[in-house]
Amino acid sequence: AVQELELSCAQEGIWFVEQLNPQSCLNNLLMAIDFDGELDQRALRVALKELVRRHASLRTSFREVHGKPLQRVEPDVHLVINFRDTGGEDAAHDGAEYREYLEEERLKAFDFSKGPPIRFTLVRVSDCLHVLVMCVHHILVDGWSFSILQRELEQLYSDAVSGNKSDLDAVFFDSADLAWWQRHWIKTEEFKLRLERCKDRFRRSNVLRLDDAQGRAAIDSFAGDSEFLVLDAQCRRKLSMVSVRHGATEFVTLLAVFYLLLHRYSDQVDIVIGSPVTLRSQSEFKDIVGLLANMGVLSVNFSDIPDFLTLIDRTKEAVAWALEHVDVPYETLVQAMRRTRDTAINPLFQVVFNFETQPSIEPPDPGATTLDQGRSRSLVQNDLEVNCSERSGFLQLRFDYRTDLFEADKIRRMAGHYLELIEQIVADPKCAVSDFYLSGETRHKLPVAGSNSTQDVHSEPERNTKMKSGKIQDIYE
């Protein structure tokens with residue numbers, strides 16, 4: 001008989017959100033892979049069947065029994081590959097029709113009663129270009145899994161075309177094994193001690209107030225949008241020098257800049273944010289397709305931080321603490337602290353900062369250039385989410401925000417201020433926290449060139465700020 005197992009803590013948290021809003025597509029993830037040249041559809045089907053056979057998470061369904069969610073790994077599933085023909089014109093891959101299809105696919109809710117929440121669609125762009133689109137629910141996989149799926153599918157397809165037997169290593173573990181381990185771990189005395197330390201650290205955390213323009217009570221959706229910024233190679237190199245000289249990683253330095261930005265925008269001393277952390281430190285879990293992630297909670301207090309270099313040290317400490325307690329599931333911490341869970345607001349943090357260490361498999365905005373490739377998010381779970389990712393040697397920052405809370409101009413201004421801070425840090429890393437300047441702040445007065453008088457900066461036009469050649473380029477609108 002097929003065994004029904006408990007969910008991992010992260011899966012259970014996602015299940016909770018789904019039950020509150022069954023038609024939500026908030027956790028739908030897309031992966032798109034281009035196949036150039038003539039496509040062997042038979043070989044593609046063979047490759048996909050083998051991929052699904054290898055990874056139990058792609059065969060996992062969910063149901064509720066006596067109020068408790070359970071997962072069931074099916075021994076076999078009927079593979080369905082939907083087909084969509086864009087009309088056979090190459091331009092469709094770069095135009096509105098393709099973008100509309102991707103959004104349509106993302107916004108199609110899964111029915112959990114009808115098997116594993118995953119869909120495959122083959123999009124024919126032309127005889128020489130096909131795109132395989134996989135839409136999968138986050139309860140099955142994390143972002144790391146996408147790079148594994150892409151790598152294995154490409155090899156399996158190549159083997160099927162040539163008629164060779166696949167030599168991929170066998171998979172001995174799956175995400176259900178992690179769930180089993182986790183459920184036993186949280187019953188141990190060692191875990192209880194670690195949980196108490198986490199509760200003490202975040203007991204006084206408060207809601208980060210950035211949504212001063214609009215009221216949270218009016219929220220009835222996760223409608224979102226995005227603002228994109230790029231750090232070019234020269235600017236990134238200069239910032240990396242600051243990191244190296246102070247013994248910090250690039251992630252820590254970028255996060256410290258973000259903490260500084262949030263502190264200046266909120267005027268709050270305690271800043272708590274979330275950051276995804278992988279649970280793949282053990283070699284057995286490295287190549288598993290599944291949801292093997294936890295949400296790390298990072299806290300920095302500005303009460304005794306005189307300058308940016310000190311802020312880097314505090315950020316390093318916050319990251320190290322989160323990594324040390326990565327085996328304390330976020331959902332368990334929330335329950336232990338008796339924080340109210342609802343879909344409108346995250347109980348411990350409202351802002352997320354993520355540095356993607358795996359290549360992004362998100363479908364790029366068709367026709368995008370090297371510097372601006374990326375696609376806006378129409379659904380955003382937290383108030384504000386900043387994602388950093390590699391784009392052809394450049395570092396792209398995508399500011400995803402909830403349009404119920406923020407006007408686009410505010411996020412555009414905030415993103416521009418983030419880059420202004422980077423430019424000032426590169427020039428003087430020892431600058432005092434209170435001395436950093438953000439253009440447009442009403443509390444600042446700028447000297448008027450050639451005179452001793454001052455000018456109120458608030459009267460300047462709003463600006464869309466982009467990084468170019470390591471400088472801040474201001475584009476007035």
Side-chain angles (χ1 to χ4, degrees), residues 28-60 73-86 93 98 101-102 105-106 110 115-175 278 280 285-293 356-364 366 373 375 389-390:
N28 286 5
L29 306 176
L30 283 185
M31 180 176 80
I33 302 176
D34 288 358
F35 288 85
D36 294 320
E38 186 177 351
L39 178 70
D40 187 333
Q41 294 195 34
R42 181 204 62 82
L44 178 60
R45 175 173 287 275
V46 169
L48 273 178
K49 285 194 68 173
E50 176 61 14
L51 191 71
V52 172
R53 186 202 66 79
R54 283 175 55 78
H55 298 289
S57 62
L58 305 183
R59 294 180 277 110
T60 300
V73 179
E74 307 292 346
D76 190 23
V77 293
H78 176 60
L79 179 65
V80 176
I81 304 177
N82 302 309
F83 185 78
R84 178 132 177 176
D85 196 329
T86 61
H93 191 44
Y98 180 72
Y101 162 70
L102 289 177
E105 185 65 19
R106 186 192 291 274
F110 284 105
I118 184 171
R119 294 188 295 266
F120 298 101
T121 304
L122 181 63
V123 180
R124 176 183 176 272
V125 178
S126 71
D127 289 339
C128 297
L129 179 59
H130 292 75
V131 183
L132 179 69
V133 178
M134 176 192 297
C135 185
V136 57
H137 200 280
H138 191 26
I139 200 170
L140 293 183
V141 301
D142 53 20
W144 188 294
S145 299
F146 280 168
S147 61
I148 300 171
L149 290 170
Q150 182 190 35
R151 182 180 69 247
E152 291 194 359
L153 181 60
E154 289 174 350
Q155 181 171 339
L156 290 169
Y157 175 73
S158 177
D159 291 339
V161 169
S162 61
N164 295 329
K165 184 178 180 180
S166 172
D167 60 355
L168 289 174
D169 293 336
V171 179
F172 295 105
F173 298 93
D174 57 52
S175 55
T278 182
R280 299 172 183 268
F285 293 129
K286 183 178 180 182
D287 290 324
I288 289 179
V289 170
L291 179 56
L292 283 79
E356 297 178 3
T357 56
Q358 292 292 308
S360 175
I361 314 298
E362 277 276 309
Q373 67 174 340
R375 197 164 42 81
S389 60
E390 292 273 2

Go through the structure and list residues passing side-chain contact (heavy atoms from CB on, under 4.5 Å) with Glu152, not counting sequence neighbours. Leu51, Arg54, His55, Ile148, Leu168

Any residue meeting side-chain hydrogen bond (donor to acceptor under 3.5 Å, both in side chains) with Asp167, in chain and number order, not counting sequence neighbours: Gln155

The reported gap from CG in Leu48 to CG in Leu122 (rounded to nearest 0.5 angstrom) is 9.0 Å

Taking only residues two or more places apart in sequence or in another chain, which ones pass salt bridge (charged side-chain N to carboxylate O under 4.0 Å, His left out) with Glu74? Arg72

Quick one: ring pair (Phe, Tyr, Trp, His ring centres under 6.0 Å) partners of Phe110, sequence neighbours excluded? none

Step through the shown structure and confirm whether more than 12 heavy atoms of other residues, nucleotides or ligands are within 6.0 Å of CG on Asn164. yes

Hey, can you pull the donor-acceptor pairs under 3.5 Å for the side chains in residues 128-142, sequence neighbours left out?
from   : atom 1 : to     : atom 2 : distance (Å)
His137 : ND1    : Ile139 : N      : 3.1
His137 : NE2    : Glu18  : OE2    : 2.9
His138 : ND1    : Val141 : O      : 2.8
Asp142 : OD1    : Trp144 : N      : 3.4
Asp142 : OD1    : Ser145 : N      : 3.0
Asp142 : OD1    : Ser145 : OG     : 2.7
Asp142 : OD1    : Arg280 : NH2    : 3.0
Asp142 : OD2    : Arg280 : NH2    : 3.1
Asp142 : OD2    : Leu292 : N      : 3.0

Residue pairs, two or more places apart or on separate chains, that pass salt bridge (Lys or Arg N to Asp or Glu O under 4.0 Å) and touch residues 156-165: none

Hits for salt bridge (charged side-chain N to carboxylate O under 4.0 Å, His left out) against Asp287, two or more places apart or cross-chain, chain-then-number order -> Arg151

Side-chain donor/acceptor pairs under 3.5 Å, residues 38-46, sequence neighbours excluded:
from  : atom 1 : to     : atom 2 : distance (Å)
Asp40 : OD1    : Arg42  : N      : 3.2
Asp40 : OD1    : Ala43  : N      : 3.0
Arg42 : NH2    : Ala160 : O      : 3.2
Arg45 : NH1    : Leu79  : O      : 3.4

Residues forming a side-chain hydrogen bond (donor to acceptor under 3.5 Å, both in side chains) with Arg59, sequence neighbours excluded: none

Out of curiosity, Asp85 CG to Arg124 CZ, how far, rounded to the nearest 0.5 Å? 4.5 Å

Got a donor-acceptor contact below 3.5 angstrom from the Ser389 side chain to the Glu356 backbone? no

For Asp174 versus Phe285, what's the shortest heavy-atom pair and its separation? O-CE2, 4.5 Å

For Arg53, side-chain contact (heavy atoms from CB on, under 4.5 Å) partners two or more places apart: Glu50

Can you list the residues that meet the salt bridge (charged side-chain N to carboxylate O under 4.0 Å, His left out) rule with Glu105, with sequence neighbours excluded? Lys108, Arg119

Taking every non-hydrogen atom, the tightest pair across Ala56 and Val73: CB-CG1, 3.7 Å

Residues at least two apart in sequence or cross-chain that pass ring pair (Phe, Tyr, Trp, His ring centres under 6.0 Å) with Phe35, listed by chain then number, are Tyr157

